[in-house]
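Since this is a predicted model, take the numbers as computed values, not measurements.
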Amino acid sequence: PKRKSASHGEAGYPRAALDFYPTEPWVTEALCRAVEFDNRGLLWEPACGDGRMAKVLHTWHPAVVASDIADHGYGASGIDFLRGGGEWLAAKRAGPVAAIVTNPPFALAREFIVRAVEITRPAEGKVAILQRHEFDAPKTNRPLFRPPFAAKLILPRRPRWNDSDTASPRFPYAWYLWDWRYQGAPVLRWLDDRAEPQEARRGAASSSSATPRYISATAGNCCPSCMP
């Protein structure tokens, strides 16, 4: 029988232990082109897996720390984000947590968001969480999208979650952004696709407003990498 596919969203496929599904680098690059993170504090990736997301973040931010509850060969292992991590960070003496960026285990997404928003509050920081496009639809998730929720940034392509899977990915995904300094109603943006031909990207950019990268000051500030 045909093997069930995680990327295609089929039921019955064998799930990876601890929901370990590494994020393709282009997904994180799309976020970093669109969102400016404060470089005066730490940027924490608390479900780093094999480091694919953290490695991209390192190219954009000077102080990235990475951890995971399991050992996947990257970052600090044995750090349970939901029940601690503070002592580990304190030992680094690298300043406050100004941002948390991660793709959390699917079943723990809500808990990760609540915890991350709480941690970043003292520094008035940002939280970026990767989830399915429809994550904001269920009634049970509505409390998550009160302030400081700031933006939903929709990916231009569907991520693939298994390197050996040849099935076409089924589910679209988005970055959900919470920002303690943001003022105004949440914004909705479609991120551009750097894999498209250069001519197509140039045409899309010329048709959009020339606004700066998304910053926390006021509503609607988004980058040329976002399509209105």
Side-chain angles (χ1 to χ4, degrees), residues 5-9 16 19-37 39 43-62 64-66 68 72-75 99-106 109 112 116 126-136 150-179 187-208 211-215 222-228:
S5 166
S7 291
H8 203 250
D19 269 354
F20 173 52
Y21 295 102
T23 305
E24 294 178 294
W26 70 265
V27 174
T28 310
E29 290 166 359
L31 172 71
C32 292
R33 288 196 302 269
V35 178
E36 184 174 3
F37 294 102
N39 61 13
L43 190 158
W44 188 5
E45 212 290 49
C48 68
D50 62 4
R52 295 189 206 188
M53 184 177 291
K55 290 174 184 177
V56 175
L57 293 171
H58 267 297
T59 66
W60 290 83
H61 195 281
V64 175
V65 292
D68 202 296
H72 296 288
Y74 187 92
I100 293 175
V101 179
T102 194
N103 174 15
F106 181 77
F112 261 71
K126 295 185 177 79
V127 174
I129 300 290
L130 183 66
Q131 282 294 292
R132 286 183 184 175
H133 175 54
E134 72 274 14
F135 179 71
D136 54 352
K152 179 179 180 179
L153 306 174
I154 302 171
L155 291 174
R157 288 180 279 141
R158 298 173 181 180
R160 187 179 298 278
W161 302 110
N162 190 320
D163 294 337
S164 61
D165 197 344
T166 59
S168 297
R170 177 179 177 183
F171 294 106
Y173 275 72
W175 284 104
Y176 294 86
L177 186 71
W178 289 260
D179 181 350
V187 297
L188 175 67
R189 294 291 185 270
W190 285 261
L191 301 179
D192 79 343
D193 191 351
R194 293 300 174 95
E196 290 180 350
Q198 186 175 5
E199 293 76 12
R201 296 202 307 271
R202 188 182 299 116
S206 63
S207 65
S208 62
T211 51
R213 288 176 64 200
Y214 175 93
I215 306 178
C222 211
C223 62
S225 295
C226 296
M227 298 290 292

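The two residues Pro104 and Ala109 make their nearest non-hydrogen contact at CG-CA, 4.0 Å. Smallest separation of non-hydrogen atoms from Tyr176 and His133: OH-O, 2.9 Å. The shortest heavy-atom contact between Val56 and Glu29 is CG1-CG, 3.5 Å. Taking all atoms of both residues into account, the shortest heavy-atom contact from Arg157 to Trp26 is O-CH2, 3.3 Å. Here the shortest heavy-atom pairing between Arg52 and Thr23 reads CB-O, 3.4 Å. Nearest heavy-atom pair across Ala47 and Asp68 is C-OD2, 3.3 Å.
Phe106 contributes atom CZ, which lies 4.5 Å from atom CZ of Arg132 (distance to the nearest 0.5 angstrom). Taken to the nearest 0.5 Å, the NZ atom of Lys152 stands 6.5 Å off from the CG atom of Leu188. A distance of 11.0 Å separates CZ of Arg158 from OH of Tyr173, quoted to the nearest 0.5 Å. Atoms CG and CD1, on Leu191 and Ile154 in that order, are 8.5 Å from each other to the nearest 0.5 Å. Between the CG atom of Leu153 and the CH2 atom of Trp190 there is a distance of 11.0 Å, given to the nearest 0.5 Å.
Under a 3.5 Å cut-off, the side chain of Glu45 and the backbone N or O of Val64 do not form any donor-acceptor pair.
Partners of His58 under the side-chain hydrogen bond (donor to acceptor under 3.5 Å, both in side chains) rule, at least two apart in sequence or in another chain, do not exist in this structure. Partners of Tyr74 under the ring pair (Phe, Tyr, Trp, His ring centres under 6.0 Å) rule, at least two apart in sequence or in another chain, do not exist in this structure. Annotation: side chain to side chain contact (heavy atoms under 4.5 Å, CB included) contacts of Ala128 (sequence neighbours excluded): Leu31, Phe37, Val101, Trp175, Leu177.
Side-chain atoms of Ile129 and Thr102, non-hydrogen and from C-beta on, do get closer than 4.5 Å to each other. In this structure, Asn103 and Thr28 have side chains that are not in contact, with every pair of non-hydrogen atoms separated by 4.5 Å or more.
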